[in-house]
Amino acid sequence: MTLSPDRVQASRIFLEACENYQKQSYRNRCYILAGDGVQMLQVPVVHRADMSIRSVLVDYSTPWVVRTLRALDAAYQSSAWYDYYRDEVAALLQAKPGTLWELNLSTLRWCLGRLGIASEISPTSTFSLPGTETDDYRELIHPKRTCTVLESLGLEKPYYQVFRDRMGGFTPGMSCLDLLFNEGPDSILWLKKI
């Protein structure tokens with residue numbers, strides 16, 4: 001695989017495909033920066049007896065796709081790159097994948113592609129306990145815990161955000177959509193800095 005100089009080196013990512021769904025995690029939510037502050041976007045799921053990560057169904061009984069697109073429009077319509085990516089993001093959501101796994105996988109592939117990160121995504125075939133693998137990041141970032149990973153490594157670098165002045169400076173912890181809508185193709189340059 002050959003990459004242009006502005007791309008990140010090819011890698012392989014293993015996604016945990018044998019775990020049970022964890023409530024209140026990033027598996028069905030992300031955060032964006034809106035005019036009135038940080039806003040959570042959440043994908044509703046159908047709660048059933050079998051909640052293995054690959055079998056969790058997305059709940060389309062509420063108009064969450066429309067609400068999510070409206071929230072993105074309100075938050076990013078004045079950002080430099082929103083119009084460039086908006087239709088593709090809408091298509092991902094409007095495709096209405098049946099499971100959360102399918103939605104997350106298609107979203108992850110889209111984000112990696114737009115960021116310029118060439119990675120092979122491989123689902124795991126067995127479950128291993130957290131911390132037993134050499135590079136295990138499953139428990140590192142969680143919406144209910146403060147994440148100081150980048151800060152502790154001296155790698156927290158701000159990028160331009162539409163509501164930066166209104167929020168009193170850079171707001172970390174946003175979805176990669178925030179980075180893409182604000183920095184566009186230069187997102188990869190910001191990632192390479194950290």
Side-chain angles (χ1 to χ4, degrees), residues 13 15-16 19 21-45 53 56 58-60 62-94 97 99-115 117 137-153 155-184 186-188 190-191 193-194:
I13 299 170
L15 287 183
E16 181 56 72
E19 69 176 350
Y21 171 74
Q22 294 180 28
K23 294 179 181 179
Q24 299 184 1
S25 69
Y26 282 118
R27 287 157 185 81
N28 72 323
R29 71 178 64 188
C30 70
Y31 294 92
I32 62 170
L33 186 58
D36 57 351
V38 175
Q39 182 177 356
M40 180 178 68
L41 301 179
Q42 187 171 9
V43 176
V45 298
I53 195 64
V56 175
V58 176
D59 185 356
Y60 291 102
T62 62
W64 71 267
V65 172
V66 171
R67 285 195 302 255
T68 297
L69 292 173
R70 285 183 186 155
L72 290 171
D73 287 343
Y76 296 107
Q77 65 188 357
S78 63
S79 68
W81 293 94
Y82 184 63
D83 288 340
Y84 183 78
Y85 296 116
R86 197 254 186 223
D87 291 343
E88 293 178 14
V89 172
L92 284 170
L93 299 177
Q94 291 167 341
T99 65
L100 184 63
W101 176 265
E102 293 166 329
L103 177 61
N104 286 342
L105 197 55
S106 65
T107 304
L108 177 60
R109 285 186 173 132
W110 182 85
C111 286
L112 290 173
R114 296 311 166 271
L115 290 169
I117 300 173
Y137 301 108
R138 291 176 290 179
E139 301 295 321
L140 194 59
I141 300 172
H142 192 281
K144 298 294 181 183
R145 293 189 296 270
T146 303
C147 181
T148 59
V149 174
L150 294 177
E151 183 181 350
S152 66
L153 296 171
L155 298 174
E156 189 176 57
K157 307 277 188 231
Y159 56 85
Y160 176 80
Q161 291 174 315
V162 173
F163 299 110
R164 181 184 191 141
D165 294 338
R166 193 181 297 180
M167 298 302 134
F170 179 72
T171 304
M174 299 299 100
S175 164
C176 76
L177 294 175
D178 186 75
L179 176 62
L180 278 168
F181 294 156
N182 286 301
E183 294 291 327
D186 287 342
S187 297
I188 192 66
W190 181 83
L191 288 171
K193 288 179 190 175
I194 64 167

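Values reported hereafter were calculated over all heavy atoms of this structure, with side chains retained and with hydrogens, waters and symmetry mates removed.
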Checklist line | Partner residues of Tyr160 under the ring pair (Phe, Tyr, Trp, His ring centres under 6.0 Å) criterion, sequence neighbours left out | finding: none

Item checked: Arg67 CZ: over 12 foreign heavy atoms closer than 6.0 Å -> yes

Next item on the list: Any chance you could measure Leu100, atom CG, to Leu105, atom CG, to the nearest 0.5 Å?
Entry: 11.0 Å

Checklist line | side chain to side chain contact (heavy atoms under 4.5 Å, CB included) partners for Asp83, two or more places apart | finding: none

Item checked: salt bridge (Lys or Arg N to Asp or Glu O under 4.0 Å) partners of residues 162-180, not counting sequence neighbours, each pair once -> none

Note to self: Applying salt bridge (charged side-chain N to carboxylate O under 4.0 Å, His left out), can you list everything that pairs with Glu102, at least two apart in sequence or on another chain?
What the structure shows: none

Margin query: Restricting to salt bridge (charged side-chain N to carboxylate O under 4.0 Å, His left out), what partner residues turn up for Asp73, sequence neighbours left out?
Written below: Arg86

Item checked: Shortest non-hydrogen contact from Ile117 toward Ile188 -> CG1-CD1, 4.0 Å

Margin query: So, taking the atom named CD in Glu88 and the one named SG in Cys111, what distance separates them when rounded to the nearest 0.5 Å?
Written below: 10.5 Å

Next item on the list: Using the test ring pair (Phe, Tyr, Trp, His ring centres under 6.0 Å), find all partners of Tyr82 that sit at least two apart in sequence or belong to another chain.
Entry: Phe181

Next item on the list: Working to the nearest 0.5 Å, report the span between CD of Glu183 and CG of Leu115.
Entry: 11.5 Å

Check: What pair of heavy atoms forms the shortest contact from Asn182 to Ala80, and how long is it?
Finding: O-CB, 4.4 Å

Next item on the list: Applying side-chain hydrogen bond (donor to acceptor under 3.5 Å, both in side chains), name anything that partners Asn104, two or more places apart in sequence or on another chain.
Entry: none

Next item on the list: Applying side chain to side chain contact (heavy atoms under 4.5 Å, CB included), name anything that partners Asp36, two or more places apart in sequence or on another chain.
Entry: Ala34

Check: What heavy-atom pair brings Met167 and Gly37 nearest, and what distance separates the two atoms?
Finding: CE-N, 3.4 Å

Checklist line | Flag side-chain contact, heavy atom, 4.5 Å: Asp186 against Tyr159 | finding: no

Margin query: Are the side chains of Val56 and Arg27 in contact, using a 4.5 Å heavy-atom criterion?
Written below: no

Notebook entry, point to check: ring pair (Phe, Tyr, Trp, His ring centres under 6.0 Å) with Trp101: which residues, sequence neighbours excluded?
Noted result: none

Check: If only atom types and distance count, is the side chain of Gln161 paired as donor or acceptor with the main-chain N or O of Thr171 below 3.5 Å?
Finding: yes

Note to self: Is the shortest side-chain heavy-atom distance between Met174 and Val38 below 4.5 Å?
What the structure shows: yes

Margin query: Minimum heavy-atom separation for Gln24 and Arg29, please, with both atom names.
Written below: CA-NH2, 3.2 Å

Notebook entry, point to check: From Ser79 OG over to Tyr84 OH, what is the distance, rounded to the nearest 0.5 angstrom?
Noted result: 13.5 Å

Notebook entry, point to check: By ring pair (Phe, Tyr, Trp, His ring centres under 6.0 Å), which residues pair with Tyr85, not counting sequence neighbours?
Noted result: Trp110

Note to self: Is any side-chain heavy atom of Thr99 closer than 4.5 Å to one of Ile53?
What the structure shows: no

Checklist line | Inter-residue atom distance Leu179.CG - Arg114.CZ, 0.5 Å rounding | finding: 14.0 Å

Next item on the list: For the residue pair Leu177 and Leu41, establish whether any side-chain heavy-atom pair is separated by less than 4.5 Å.
Entry: no

Notebook entry, point to check: Do Leu33 and Val162 have side chains that get closer than 4.5 Å, going by heavy atoms?
Noted result: no

Check: Looking at residues at least two apart in the chain, or sitting in another chain, which of them share a side chain to side chain contact (heavy atoms under 4.5 Å, CB included) with Tyr60?
Finding: Val58, Trp64, Val65, Lys96, Pro97

Check: Which heavy atom in Leu180 sits nearest to a heavy atom in Trp81, and how many Å separate them?
Finding: O-CB, 3.5 Å

